[in-house]
Amino acid sequence: MLDLACGEGTHSIAAAGLGAEVVAVDRDADKLESARALAEQLELAIGWRQFDLEEPWPDLGQFDAILVFNYLDRARIGDLIDRLKWGGSLVMETYLLAQRDLGWGPSRDEFLLRPGELPGLVDPLEVVHCREVLEPVDAQRWRAVASVVAEKR
């Protein structure tokens with residue numbers, strides 16, 4: 001499994017804890033170090049890779065599953081699809097344009113999805129599930145996100 005833009009490794013650690021073989025990528029060395037320390041404490045083996053996702057990607061191989069949370073680079077969606085094995089699943093969730101009105105999170109259009117955009121963005125994958133929601137994060141904050149689970153068939 002590939003966890004792209006993994007940050008502090010929340011999803012990577014959870015997947016490895018369930019037995020998945022995980023490669024986790026982020027450009028932030030401090031976040032990766034924090035994630036690495038927690039994974040070691042939990043005795044989980046995860047392949048941590050640091051590189052700038054806006055630069056050319058190294059050869060990472062292909063994966064049965066790719067996770068992408070709170071990260072959007074429309075120009076690289078094809079690269080994601082190419083790294084997905086036949087029959088593999090992409091799980092992606094990121095912010096909608098409405099997030100800007102909520103006063104936190106990304107504010108630039110390039111990092112925000114338009115309503116209804118995500119299913120078309122992952123084409124030619126087959127969308128298994130898609131949603132757009134406004135949901136609470138905690139007692140003071142809400143988030144506007146779109147999510148998709150899509151398979152390469």
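The model shown is predicted, which means the values in this text are computed figures rather than measured ones.
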### Query
Transitively linked via ILVMFWY side-chain contacts under 4.5 Å: F51 with V68?
yes
### Task
May I have the step-by-step check of salt bridge (charged side-chain N to carboxylate O under 4.0 Å, His left out) for E135 and R141, ending in yes or no?
CA-CA 9 Å; E135 61 188 10; R141 295 185 311 160; over 6 Å; no
#### Entry: Check against side-chain contact (heavy atoms from CB on, under 4.5 Å), L113 and L72
CA-CA 8 Å; L113 290 166; L72 178 61; 3.9 Å; yes
### Query
Between S147 and R131, does any side-chain donor sit less than 3.5 Å from a side-chain acceptor?
yes
### Query
Out of curiosity, Q50 CD to C6 SG, how far, rounded to the nearest 0.5 Å?
10.0 Å
### Task
May I ask you to test the P124-R153 pair for a side-chain heavy-atom distance under 4.5 Å?
no
### Task
Starting at CH2 of W142, measure out to CG of L102 and round the result to the nearest 0.5 Å.
9.5 Å
### Query
Do L53 and L4 pass the side-chain contact (heavy atoms from CB on, under 4.5 Å) test, and can you show the C-alpha distance, the side-chain angles, and the key distance before you say yes or no?
CA-CA 9 Å; L53 296 171; L4 194 68; 3.5 Å; yes
### Task
Please name the pair of heavy atoms, one in A16 and one in A45, separated by the smallest distance, quoted to 0.1 Å.
CB-O, 4.5 Å
### Task
Check the pair V23 / D3 against side-chain contact (heavy atoms from CB on, under 4.5 Å), numbers first and verdict last.
CA-CA 6 Å; V23 174; D3 185 2; over 6 Å; no
### Query
Would the number of heavy atoms belonging to other residues, nucleotides or ligands and lying under 6.0 Å from CD of E21 be above 12?
no
### Donor-acceptor under 3.5 Å (E132 side chain, G116 main chain)
yes
### Message
Does E43, at its CD atom, have more than 12 non-hydrogen atoms belonging to other residues, nucleotides or ligands within less than 6.0 Å?
### Response
no
### Backbone N/O of L32 and side chain of D26: donor-acceptor pair under 3.5 Å
no
### Query
Are L97 and V133 connected, step by step, through hydrophobic side chains (Ile, Leu, Val, Met, Phe, Trp, Tyr) whose heavy atoms are closer than 4.5 Å?
yes
#### Entry: Side chain proximity check, R143 to Q99, heavy atoms < 4.5 angstrom
yes
### Query
If you measure from CH2 on W57 to CZ on R83, what distance do you get to the nearest 0.5 Å?
5.5 Å
### Query
Does the side chain of H129 come within less than 4.5 Å of V148's, by heavy atoms?
no
### hydrophobic_cluster_shared for I77 and V25, side chain cutoff 4.5 Å
yes
### Query
Which pair of non-hydrogen atoms, one from S12 and one from W48, has the smallest distance, and what is that distance?
CB-CH2, 4.2 Å
### Task
Kindly give the heavy-atom pair with the smallest separation between R76 and P56, and that separation in Å.
NH2-CA, 3.9 Å
### Message
Evaluate K31 against E8 for salt bridge (charged side-chain N to carboxylate O under 4.0 Å, His left out), listing each step before the verdict.
### Response
CA-CA 5 Å; K31 287 182 179 178; E8 293 182 342; over 6 Å; no
#### Entry: Whether E126 side chain and E151 backbone form a donor-acceptor pair below 3.5 Å
no
### Query
Do the side chains of V137 and L96 join up, straight or via other hydrophobic residues, at under 4.5 Å, putting them in one cluster?
no
### Task
Determine yes or no for a side-chain-to-main-chain donor-acceptor pair under 3.5 angstrom, with Q62 supplying the side chain and D82 the backbone.
yes
### Message
I need the single residue from L125, L2, D64, V122 that forms a side-chain contact (heavy atoms from CB on, under 4.5 Å) with L84. Which is it?
### Response
L125
### Query
Hey, is the main chain of R114 close enough, under 3.5 Å, to the side chain of E117 for a donor-acceptor pair?
yes
### Message
Heavy-atom count check: over 12 atoms from other residues, nucleotides or ligands less than 6.0 Å from R74 CZ?
### Response
yes
### Task
Could you grab the distance from atom CG of L80 to atom CG of L67, nearest 0.5 Å is fine?
11.0 Å
### Query
Applying the 4.5 Å side-chain criterion to the ILVMFWY set and letting contacts propagate, would V22 and I66 be lumped into a single cluster?
no
### Task
Among residues two or more places apart or on two chains, list those pairs meeting ring pair (Phe, Tyr, Trp, His ring centres under 6.0 Å) that have a residue in residues 78-116.
Y95-W104
#### Entry: ring pair (Phe, Tyr, Trp, His ring centres under 6.0 Å) contacts touching residues 11-39 (sequence neighbours left out)
H11-F69
### Message
For a side-chain contact (heavy atoms from CB on, under 4.5 Å) check, start with the C-alpha distance between Q41 and R36, then their side-chain angles and the critical distance, and finish with the verdict.
### Response
CA-CA 9 Å; Q41 181 182 15; R36 183 180 287 113; over 6 Å; no
## Note on the structure
Quick note, ring pair (Phe, Tyr, Trp, His ring centres under 6.0 Å) partners involving residues 15-46, not counting sequence neighbours, are none
